[in-house]
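One structure below.
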Amino acid sequence: EVQLQASGGGLVQAGGSLSLSCAASGFSFDDYTIGWFRQAPGKEREGVSGITIPYGRTNYAESVKGRFTISTNGAKNTVFLQMNGLKPDDTAVYHCAALDGFGPAGRLLERGVYDYWGQGTQVTVSS
């Protein structure tokens, strides 16, 4: 069973940084596609970033380009989302999702691409 655990959220002032982690439970992310999504109160869940492992192909939402970076560790059992220059609009619950396989190029931010979802971690950015 694919289990994902997102962590690393918290409260930060505008301009600050946080690093989120998405950990695999008992397996490796090798040959998976991992996405980060977020959902703010009253809004739909939106794609933030995605990465295809092991090729390292990435997608980013326009709103986070240049500020967020997605990466994986050497063991390929954790995917990170480094978030710099945080803004109050980044406040949301952040979820990671997984696809067993290679996601379609340019579509890694689409919810329908992913089969497995983890519980989220709250990110709150104060102004």
Side-chain angles (χ1 to χ4, degrees):
E1 180 182 2
V2 174
Q3 291 188 341
L4 308 171
Q5 181 64 52
S7 62
L11 172 64
V12 64
Q13 288 189 332
S17 298
L18 283 173
S19 180
L20 305 184
S21 299
C22 177
S25 177
F27 68 101
S28 166
F29 281 147
D30 213 0
D31 294 343
Y32 274 73
T33 297
I34 305 299
W36 281 100
F37 291 76
R38 65 187 181 186
Q39 188 164 18
K43 295 186 177 181
E44 291 191 359
R45 188 171 296 187
E46 64 172 353
V48 175
S49 184
I51 185 168
T52 298
I53 300 167
Y55 299 113
R57 186 176 68 222
T58 59
N59 287 168
Y60 292 94
E62 287 296 325
S63 60
V64 306
K65 277 183 180 178
R67 300 188 298 123
F68 291 11
T69 304
I70 191 169
S71 63
T72 186
N73 62 348
K76 295 185 175 63
N77 57 8
T78 304
V79 170
F80 305 98
L81 185 68
Q82 177 65 41
M83 306 186 296
N84 299 327
L86 283 162
K87 305 175 181 180
D89 284 349
D90 295 318
T91 295
V93 176
Y94 284 70
H95 300 264
C96 59
L99 166 69
D100 185 358
F102 302 133
R107 295 178 55 196
L108 303 186
L109 305 184
E110 297 180 15
R111 288 179 291 178
V113 166
Y114 298 91
D115 296 323
Y116 308 100
W117 292 82
Q119 291 187 340
T121 184
Q122 176 71 47
V123 172
T124 302
V125 184
S126 63
S127 57

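Computed from a predicted structure; not experimentally measured.
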Okay, side chain of [X], backbone of [Y]: is any donor-acceptor separation there less than 3.5 Å?
X    : Y    : value
S49  : W36  : no
Y114 : L109 : no
T33  : G103 : yes
R67  : G85  : yes
S28  : N77  : no

With the 4.5 Å side-chain cut-off for hydrophobic clustering, are [X] and [Y] part of the same group?
X    : Y    : result
V113 : W117 : yes
V48  : Y32  : yes
L81  : Y116 : yes
V64  : I70  : yes

Any pair counted as ring-ring contact (aromatic ring centres under 6.0 Å, His included), so long as it reaches residues 56-94, sequence neighbours left out: none
Gap between atom CD of E110 and atom CG of N59 - 0.5 Å precision: 9.5 Å
Search all heavy atoms of [X] against all heavy atoms of [Y] and return the closest pair with its distance.
X    : Y   : result
L20  : M83 : CG-CE, 3.7 Å
I34  : A98 : CD1-CB, 3.6 Å
V125 : K87 : CB-O, 3.3 Å
Q119 : A6  : O-CB, 3.5 Å
Q82  : S19 : OE1-CB, 3.3 Å
S127 : P88 : CB-CG, 3.9 Å

